[in-house]
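Everything below concerns the one structure shown next.
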Amino acid sequence: MSYNFDEYIDRYGTESTKWDAFENRFPGLDAKGCIPMWVADTDFRAPQEVIDAIVAKAEFGIFGYPKGKGKSFDQAVTGWIFQRHGWQLDPEWIVPTTGVVPAITHAIQAFTQEGDGVLIQPPVYYPFKNTIQKNKRRVIENPLLLDEETEQYEIDFADFEHKLKDPKTKLFILCNPHNPVGRVWSEEDLTKIGELCLKHQVLVFADEIHSDLILKGSRHIPLGMLDERFNQHVITAFSASKTFNLAGLQTSVVILPERRIRQRYLEQLEINQARDINIFGTIALEAAYTHGADYLKAFLEHVESNLDYALDYTEKHLQGVRIIKPQGTYLVWFDFRGTGLTADQIDALIIEKAKVAVDLGRWFGEEGAGFLRFNFACHRSTLVKALEQIKEALKAL
């Protein structure tokens with residue numbers, strides 16, 4: 001089946017958070033009339049096989065409580081993960097959840113106590129910090145370092161181990177591929193992470209929601225696949241939501257190889273009354289993982305093409321701006337610090353003058369000041385218009 005990512009789909013007025021509910025996301029800034037290039041939500045239809053599976057269930061017309069994951073669901077998940085990453089999962093390890101952030105929340109509640117520390121690596125996906133704080137845990141930060149020579153972010157391992165040594169640090173949330181900086185962590189980096197977390201007995205929650213979205217020249221390696229010892233000390237989260245634009249169906253899976261960890265996690269789901277699954281979400285995930293390989297290939301080609309266009313355009317026309325070239329995800333981290341503007345001025349310039357709605361860098365931590373995150377999972381015309389409006393806004397300074 002062929003997939004057309006050159007079709008423009010008008011999403012205004014479709015009850016979309018991305019297109020219809022963004023203006024109040026920027027307090028103090030006039031976001032009216034902006035081009036939406038923010039939240040990680042693509043502007044493309046899901047694969048036809050997913051649509052067909054949902055329609056077939058809808059036409060049946062009975063939407064009672066589902067029995068939970070079945071054999072075909074497990075086969076879809078194990079098949080996809082093995083096909084993409086070479087990791088052979090035991091179906092017993094697979095637990096469906098209502099999303100990766102809820103899955104992280106359950107893990108925080110199950111394996112830490114109020115006042116315990118949870119380690120993150122800013123600038124990083126801001127719901128991590130939010131859910132840690134809302135559960136009255138302590139946010140521990142190991143900021144990533146931007147290597148100006150390679151223009152890639154690296155882990156400060158000396159600081160990482162120092163933070164792990166704190167006996168109150170109980171959980172580390174790994175983001176791989178990293179959102180927003182686009183790093184796909186190397187085998188060497190992952191091995192260091194795994195060894196240090198084992199050494200200091202810190203459980204790892206590996207958010208690998210973007211693991212399908214790997215760009216040319218990079219390879220995703222699940223941390224839990226690297227070493228049997230890591231496998232027993234890592235909770236891994238996968239989802240079809242970013243790859244196939246299924247976020248509204250609120251379904252993900254967590255992989256829990258260690259029996260006692262799995263049992264404790266399932267107990268927490270019971271406490272939170274969160275064992276039920278979305279009947280359409282599981283159907284969609286199963287169809288996507290069973291039939292979605294060709295769709296993903298075409299989608300990544302489109303994202304790569306948008307990225308190549310933006311890299312060339314930025315170098316030629318956006319003075320003082322650079323792109324931190326991602327190794328994975330369709331989210332692109334722009335560095336505006338070379339313009340000489342303050343973070344407040346950069347935010348105002350892009351939102352109020354260029355009229356492009358993006359994720360503000362400081363949402364991801366103070367390390368993100370002067371940066372902005374753009375979503376390249378869009379029609380080429382959307383990207384072109386946004387870049388041209390940014391060029392004109394910079395010229396008017």
Side-chain angles (χ1 to χ4, degrees), residues 6 8-14 16-44 123 125-126 146 151 179-182 302-326 329-397:
D6 293 323
Y8 181 84
I9 301 171
D10 185 356
R11 297 185 65 194
Y12 280 117
T14 61
S16 159
T17 292
K18 181 179 181 181
W19 286 82
D20 297 324
F22 65 86
E23 292 180 11
N24 63 353
R25 302 276 175 161
F26 304 93
L29 295 171
D30 178 13
K32 187 175 182 180
C34 281
I35 300 170
M37 295 188 71
W38 63 296
V39 67
D41 173 333
T42 85
D43 289 331
F44 307 114
Y125 186 50
Y126 41 89
L146 179 57
E151 296 191 333
N179 172 12
V181 308
H302 179 83
V303 173
E304 294 264 15
S305 177
N306 274 352
L307 177 60
D308 289 343
Y309 178 88
L311 286 165
D312 181 67
Y313 190 97
T314 300
E315 184 178 356
K316 290 178 178 177
H317 301 294
L318 304 184
Q319 187 174 356
V321 181
R322 65 172 171 171
I323 290 174
I324 306 302
K325 188 175 180 180
T329 85
Y330 51 73
L331 305 168
V332 182
W333 195 233
F334 277 65
D335 181 359
F336 281 81
R337 296 174 302 167
T339 61
L341 301 175
T342 67
D344 285 340
Q345 290 170 331
I346 291 165
D347 295 348
L349 177 78
I350 302 305
I351 302 296
E352 298 194 319
K353 302 299 182 184
K355 286 298 179 182
V356 182
V358 294
D359 286 71
L360 306 183
R362 285 177 292 183
W363 292 355
F364 303 88
E366 284 305 312
E367 297 79 5
F371 294 80
L372 299 170
R373 192 193 77 173
F374 287 67
N375 180 346
F376 275 22
C378 60
H379 192 268
R380 174 61 63 81
S381 66
T382 300
L383 176 62
V384 169
K385 185 177 181 183
L387 292 173
E388 289 177 348
Q389 290 178 190
I390 292 170
K391 180 182 76 172
E392 294 305 313
L394 287 168
K395 283 172 60 176
L397 290 175

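Throughout, numbering of the chain's residues begins at 1 and tracks the sequence. No experiment lies behind these values; they were computed from the predicted model shown. Heavy atoms only: backbone and side chains are in, while hydrogens, waters and symmetry mates are out.
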| task | For Arg380 and Ser305, run side chain to side chain contact (heavy atoms under 4.5 Å, CB included): C-alpha distance rounded to whole Å, both residues' side-chain angles, the deciding distance at 0.1 Å, then the answer. | result | CA-CA 9 Å; Arg380 174 61 63 81; Ser305 177; 2.5 Å; yes
| request: Kindly determine whether Thr339 and Leu349 satisfy side chain to side chain contact (heavy atoms under 4.5 Å, CB included), including the steps that lead there. | output: CA-CA 11 Å; Thr339 61; Leu349 177 78; over 6 Å; no
| Where do Arg373 and Val332 land on the side chain to side chain contact (heavy atoms under 4.5 Å, CB included) test, with the steps shown first? | CA-CA 6 Å; Arg373 192 193 77 173; Val332 182; over 6 Å; no
| request: Applying side chain to side chain contact (heavy atoms under 4.5 Å, CB included), run through Lys395 and Ile390 and close with a yes or a no. | output: CA-CA 9 Å; Lys395 283 172 60 176; Ile390 292 170; over 6 Å; no
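Taking a cutoff of 4.0 Å between a charged side-chain nitrogen and a carboxylate oxygen, Glu151 and Arg322 qualify as a salt bridge. A salt bridge links Lys355 with Asp30: at least one charged nitrogen is closer than 4.0 Å to a carboxylate oxygen. Remark: Asp43 engages Arg11 in a salt bridge, criterion side-chain N to carboxylate O under 4.0 Å.
Within the 4.5 Å cutoff, the side chain of Ile350 has heavy atoms near those of the Phe336 side chain. Between Asp335 and Ile323, the closest side-chain pair of non-hydrogen atoms is not below 4.5 Å. Two residues are said to be in side-chain contact when any heavy atoms from C-beta on lie closer than 4.5 Å; Ile324 and Phe334 fail this criterion. For the pair Phe371 and Arg337, the minimum side-chain heavy-atom distance is below 4.5 Å. The closest side-chain heavy-atom distance from Pro180 to Leu331 is not below 4.5 Å. Side-chain atoms of Met37 and Phe376, non-hydrogen and from C-beta on, do get closer than 4.5 Å to each other. Within the 4.5 Å cutoff, the side chain of Leu383 has heavy atoms near those of the Cys378 side chain. You'll find the side chain of Phe44 reaches within 4.5 Å of the side chain of His302, heavy atoms only.
Panel note: side chain Asp20, backbone Ser16; a donor-acceptor pair is recorded below 3.5 Å.
A side-chain donor from one of Tyr126 and Asp359 sits under 3.5 Å from a side-chain acceptor of the other. Side-chain contact annotation: Trp19 with Asp10, donor-acceptor N/O pair under 3.5 Å absent.
Interatomic distance, NE2 of His379 versus CG of Asn306, reported as 9.5 Å (0.5 Å rounding). Leu360 CG to Arg25 CZ: the interatomic distance, rounded to the nearest 0.5 Å, is 12.0 Å. The line from CD1 of Ile35 to CD of Gln389 is 4.0 Å long, rounded to the nearest 0.5 Å. For the atom pair OH (Tyr330) and CG (Asn179), the distance works out to 9.5 Å, reported to the nearest 0.5 Å.
Contact between Pro27 and Asn24 at its shortest, heavy atoms only, is CD-O, 4.1 Å. In plain terms, the two heavy atoms of Val358 and Ile351 that are nearest each other are N-CD1, 4.0 Å. Nearest heavy atom pair, residue Trp333 against residue Gly368, reads CZ2-CA, 3.9 Å. Smallest separation of non-hydrogen atoms from Pro36 and Lys18: CB-O, 3.2 Å. Across every non-hydrogen atom of Ser381 and Tyr8, the tightest pair is OG-CD1, 4.0 Å. Val39 and Asn375 make their closest contact through O-ND2, 2.8 Å (heavy atoms, listed as atom of the first residue, atom of the second, distance).
Enclosure of atom NZ in Lys391 by more than 12 non-hydrogen atoms of other residues, nucleotides or ligands within 6.0 angstrom is indicated. Atom CD of Glu315 sits in a sparse spot, with 12 or fewer heavy atoms from other residues, nucleotides or ligands closer than 6.0 Å. Taking a 6.0 Å sphere around CD of Gln319, one finds it holds 12 or fewer heavy atoms contributed by other residues, nucleotides or ligands.
Taking the six-membered ring where the residue is Trp, Tyr313 and Tyr309 present parallel rings, their angle staying beneath 30° rather than reaching 60°.
Here the options are Leu372, Ile346, Asp344, the test is side-chain contact (heavy atoms from CB on, under 4.5 Å), and the partner is Arg362; only Asp344 passes.
In this structure, the ring of Trp363 has its center no less than 6.0 angstrom from the ring center of Tyr125.
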